[in-house]
Protein chains: 2
Amino acid sequence: MEPILNKVDLARELGRETAELRNELRQFLQKKIKESNWDISFELLEILGLLYKRDGMIQQEIADILIKDKSSVTYLITNLVKRDLVERTEDQTDRRNKQIFLKAKGRELIQQLGPWVEELYTKATQGIPVENIALALAIARKMNENLKL
Amino acid sequence: MEPILNKVDLARELGRETAELRNELRQFLQKKIKESNWDISFELLEILGLLYKRDGMIQQEIADILIKDKSSVTYLITNLVKRDLVERTEDQTDRRNKQIFLKAKGRELIQQLGPWVEELYTKATQGIPVENIALALAIARKMNENLKL
DNA sequence: AATAAATAGTTTGAATTCAAACAGTTTTAT
DNA sequence: ATAAAACTGTTTGAATTCAAACTATTTATT
């Protein structure tokens, strides 16, 4: 029988369980991607998915939402540009910003593979009341806020 | 005002918040490590911390607990061996296994820096009832189980 | 007893991330 | 008007991770 854990151990475990969830998603998707004609990684797919929902984001926004270092985002966007999946354009109103837009090919890819991601998340959340997931999220956010004080 | 999210979006957000928490821990610790005389990374520190609690684990156990690929664990343990912080010994009862033990220097390091990690987790969890964190963890676990069906 | 399957760890090449520094631009302060 | 601070993105070198294949050993099956 598992020992009763204190808050610190529970918090650590929470981080690990969500890391594991992400790995499982990645592995599931990796198999699906292999079966398809696309050559794309989980990380690249995440960015395409984000742009599908909100095209034209700037790199810093992508970094903030996906919790990635801005240099990682530069690296991944460059990869996507090379594959002709997105384009990088300069923001006319603020020349520090670069806007990233899906290209036709990128849109097609995410329209094909995107539903798999949703399907997996749907499967993961099956039978769990939405208010429970909302509570878990609120707790994780509170922990982050506590560290920012 | 933030729109009401569905379960899938909430689950994604949960993953991101915990990833952000980990990054914040890493950055806090990185500053502390810089102030100290040690040269160690967050990833290496995690392994030392694990061994401090349960010395003599085998590599696969470390991989399972820290949610890392076994090849990553091989890489990190090799690094720790080079720095004379741990030793790798063959398991007499099962020659597939390698047991990893802290060396005196590794023990000293984790005794000095370990409390900082605990302190940060304690700060992160301040004011949050333990049963709430336990519930968040149960939800994350349930999502993992759902994917394994 | 022999063979097949599973497990633990290593190796390799590539991808991604981390940390820091830098350049260009905009915003804020003086 | 000018300088300082902040912001965005890029670059670089190193660290870590991912994916796959491999070897050696143990366990399960025939």
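Lettering of chains follows the sequences in order, A, B, ..., and the numbering in each one begins at 1. These values consider heavy atoms only, across backbone and side chains, with no hydrogens, waters or symmetry-generated copies.
Here Glu13(B) pairs with Arg16(B) in a salt bridge; the nearest charged N to carboxylate O distance falls below 4.0 Å. Ion pairing between Lys68(A) and Glu20(B) fails under the 4.0 Å rule for side-chain N and carboxylate O. Taking a cutoff of 4.0 Å between a charged side-chain nitrogen and a carboxylate oxygen, Glu118(B) and Lys123(B) do not qualify as a salt bridge. Between Glu17(A) and Arg141(B) there is a salt bridge, since at least one side-chain N of the basic residue sits less than 4.0 Å from a carboxylate O of the acidic one.
Among the atoms of the strands shown, only primed sugar atoms or phosphate atoms (P, OP1, OP2) are found under 4.0 Å from some heavy atom of Lys98(A). Asp64(B) comes within 4.0 angstrom of nothing in the nucleic acid, heavy atoms only. No contact: Asp91(B) has no heavy atom under 4.0 Å from any strand.
Protein atom CD of Glu90(B) is 9 Å distant from nucleotide atom P of dT25(D), rounded to whole Å. dT7(C) atom C1' lies 9 Å from atom CG of Asn97(B), rounded to whole Å. Put simply, NZ on Lys70(A) is 11 Å from C1' on dA19(C), counting in whole angstrom units. Atom-to-atom, CD1 of Ile58(B) to C1' of dT7(C) comes out at 9 Å; the value is rounded to the nearest Å. Per the geometry, CG belonging to Leu66(B) stands 13 Å off P belonging to dC18(D), to the nearest Å. When rounded to the nearest whole Å, the span between CG of Leu76(A) and P of dC18(D) equals 14 Å. Across the protein-nucleic acid pair, Glu61(B) atom CD and dA8(C) atom C1' stand 11 Å apart, rounded to whole Å.
Looking only at distances, a side-chain donor or acceptor of Asp55(B) sits under 3.5 Å from a matching main-chain atom of Leu102(B). For Asn97(B) (side chain) and Ile58(B) (main-chain N/O), no donor-acceptor pair under 3.5 Å exists by modelled atom type.
Applying the 4.0 Å criterion to OP1 and OP2 of dT10(C), one finds that Thr74(B) has a side-chain N or O inside that range. OP1 or OP2 of dT10(D) sits under 4.0 Å from a side-chain N or O of Arg88(A). Gln59(A) has a side-chain polar atom (N or O) that falls below the 4.0 Å cut-off from OP1 or OP2 of dT10(D). OP1 or OP2 of dA24(D) has not a single side-chain nitrogen or oxygen of Arg96(B) nearer than 4.0 Å. Phosphate proximity of dA24(D) to Arg95(B): absent, as no side-chain N or O sits under 4.0 Å from OP1 or OP2. Residue Ser71(B) places none of its side-chain N or O atoms closer than 4.0 Å to OP1 or OP2 of dT10(C). Phosphate contact (OP1/OP2 of dC18(D), side-chain N/O of Asn23(A), threshold under 4.0 Å): present.
Among dT16(C), dG9(C), dG9(D), the nucleotide with an atom closest to any side-chain atom of Tyr75(A) is dT16(C).
Within a heavy-atom distance below 4.0 Å of DNA chain C, the residues of residues 24-50 of chain A found are Ser41(A), Glu43(A).
Along DNA chain C, the nucleotide closest to Asp69(B) and the one closest to Lys68(A) are compared, and the more 5′ of them pairs with Asp69(B). Ranked by how close their nearest DNA chain D nucleotide is to the 5' end, Arg22(B) and Gln60(A) are led by Gln60(A).
In Glu90(A), the CD atom is not crowded: 12 or fewer heavy atoms of neighbouring residues, nucleotides or ligands sit closer than 6.0 Å. More than 12 heavy atoms of other shown residues, nucleotides or ligands fall within 6.0 angstrom of atom NZ in Lys148(B).
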